[in-house]
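See below for the structure under consideration.
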Number of protein chains: 2
Amino acid sequence: MSTYTVSQAAAQTGWSPRMLRYLESTGLVVPARSAAGYRRYEPQELALLRGLAELRQGFDVELDDIAFVVRLRRDARLRAAVEHWLAGTAVPAEGASEADWIEWEQRKHERLLAA
Amino acid sequence: MSTYTVSQAAAQTGWSPRMLRYLESTGLVVPARSAAGYRRYEPQELALLRGLAELRQGFDVELDDIAFVVRLRRDARLRAAVEHWLAGTAVPAEGASEADWIEWEQRKHERLLAA
DNA sequence: CCAACCTTACCACAGTTATGTCAAGGTGTC
DNA sequence: GACACCTTGACATAACTGTGGTAAGGTTGG
């Protein structure tokens, strides 16, 4: 079968076995278990683990941040609340043009430097 | 004029002045400044502050989490990367029905409890 | 049946977050 | 000009995150 133990998965993704257990505890990547309780990682989960490492390294994103996005995705009430809050923000919304952002950044400067 | 000093804003939102300064430092709520450098909160920002407190209290959301959503909102590349990662997740996507979620939660139970 | 894996449960530790307090100095109002 | 506010900066700290160990014990494959 094509599933991997925790240390095999670790070897193939660059994480330590310790961290794979930690990731499971946070709910981010939760492998199935064998009859005896051993973690069994599937290829799809290896891809998830690699992607997670890339996100962290490439964008300076915390595990926490990703966990929150996952949470957002499955909790519709929370999602609605956050979107409502964002609507009150001066920050340009989803469809905003690059120009909107530049202008916004300039105003932010004005605000910060105002004297 | 209808703007508020840091302690007036604090009194009306339930935050401490210290926390309002902290929130500014994180970029979440950044008030304008008077000529002498005093923070001037506008009514809209009071609403933002109240909403932030409600999110934290009502949903157990960290400031970090909100800051990340704001970041997601303005960084299209990051947003694309995160969405790509989410696509590989076993978690049902945006348009999923309630039934999908129930089934997913059950499988998660199976995975966690498998023995 | 034994070596090499796996499990959980702890202890440890540096770094960050969220929060308070205090000091030294500028501002504004009566 | 005194008093109540504002500013920044520093120090303090409890809780949490991310990460590493180690120990005591179960599983498995040659």
Side-chain angles (χ1 to χ4, degrees), chain A residues 1 3-42 45-46 49 52-71 111-115, chain B residues 1 3-42 45-46 48-50 52-71 111-115:
Chain A
M1 74 217 72
T3 72
Y4 304 81
T5 68
V6 70
S7 58
Q8 288 167 342
Q12 299 209 12
T13 60
W15 294 93
S16 64
R18 176 66 167 86
M19 281 308 292
L20 293 192
R21 298 193 185 100
Y22 179 68
L23 288 175
E24 182 186 37
S25 81
T26 69
L28 275 174
V29 178
V30 180
R33 296 300 188 108
S34 77
Y38 284 23
R39 291 172 181 80
R40 311 267 36 186
Y41 289 85
E42 311 221 355
E45 287 162 331
L46 296 197
L49 289 169
L52 210 46
E54 283 163 24
L55 275 180
R56 292 228 305 172
Q57 185 179 347
F59 292 93
D60 193 32
V61 165
E62 310 287 334
L63 294 180
D64 245 9
D65 298 331
I66 309 288
F68 183 65
V69 175
V70 170
R71 200 183 147 198
R111 285 201 300 274
L112 283 170
L113 299 179
Chain B
M1 74 221 68
T3 73
Y4 303 80
T5 67
V6 70
S7 58
Q8 288 167 341
Q12 299 210 12
T13 59
W15 294 93
S16 65
R18 174 66 168 86
M19 280 309 290
L20 294 191
R21 299 193 185 100
Y22 179 67
L23 288 175
E24 183 186 33
S25 81
T26 67
L28 275 175
V29 178
V30 180
R33 296 299 189 109
S34 78
Y38 285 22
R39 290 173 181 79
R40 311 266 40 188
Y41 288 85
E42 310 221 357
E45 287 162 332
L46 296 197
L48 232 38
L49 288 169
R50 289 193 201 97
L52 211 45
E54 283 164 24
L55 275 180
R56 293 228 304 171
Q57 185 180 345
F59 291 93
D60 193 32
V61 165
E62 309 288 334
L63 294 181
D64 243 9
D65 297 331
I66 309 290
F68 184 66
V69 175
V70 170
R71 198 184 149 199
R111 285 201 300 275
L112 283 170
L113 299 178

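Each chain gets a letter, A, B and so on, in the order the sequences are listed, and its residues count up from 1. Heavy-atom basis, side chains included; hydrogens, waters and symmetry copies ignored.
In the set D:dT27, C:dT17, C:dG20, C:dT17 carries the atom at the smallest distance from any side-chain atom of B:Tyr22. Among the nucleotides D:dG20, C:dC5, D:dT17, the one closest to any side-chain atom of A:Thr5 is C:dC5.
Here A:Thr26 does not reach the OP1 or OP2 of D:dT17: none of its side-chain N or O atoms lies under 4.0 Å away. Between B:Arg56 and C:dT17 there is no side-chain polar atom (N or O) within less than 4.0 angstrom of OP1 or OP2. Within the structure, a side-chain polar atom (N or O) of A:Ser7 is placed less than 4.0 Å from OP1 or OP2 of C:dC6. For B:Ser34 and D:dC6, the shortest distance from a side-chain N or O to OP1 or OP2 is not below 4.0 Å. At C:dT8, one or more side-chain N or O atoms of A:Arg39 fall inside 4.0 Å of OP1 or OP2 (strictly under the cut-off).
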- May I have the step-by-step check of side chain to side chain contact (heavy atoms under 4.5 Å, CB included) for A:Gln12 and A:Leu49, ending in yes or no? CA-CA 9 Å; A:Gln12 299 209 12; A:Leu49 289 169; over 6 Å; no

- Full working for side chain to side chain contact (heavy atoms under 4.5 Å, CB included) between B:Arg39 and B:Thr5: CA-CA 6 Å; B:Arg39 290 173 181 79; B:Thr5 67; over 6 Å; no

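Annotation: side chain of B:Leu63 is in contact with side chain of B:Met19 (closest heavy-atom distance under 4.5 Å). Residues B:Arg71 and A:Val61 meet the side-chain proximity criterion, which asks for heavy atoms closer than 4.5 Å. Counting only heavy atoms from C-beta outward, the side chains of B:Asp64 and A:Phe68 never approach each other to under 4.5 Å.
Between the OH atom of B:Tyr41 and the P atom of D:dC5 there is a distance of 17 Å, rounded to whole Å. Atom pair A:Trp15:CH2 and D:dT17:C1' shows a separation of 12 Å (rounding to whole Å applied). Protein atom CZ of B:Arg18 is 20 Å distant from nucleotide atom P of D:dC5, rounded to whole Å.
For B:Arg21 against D:dT8, no side-chain N or O and base N or O form a donor-acceptor pair under 3.5 Å. Judged by atom type and distance alone, A:Tyr38 reaches the base of D:dG26 through a side-chain donor-acceptor pair under 3.5 Å.
Contact check of residues 57-68 of chain A against DNA chain D (heavy atom, cut-off under 4.0 Å) returns A:Leu63, A:Asp64.
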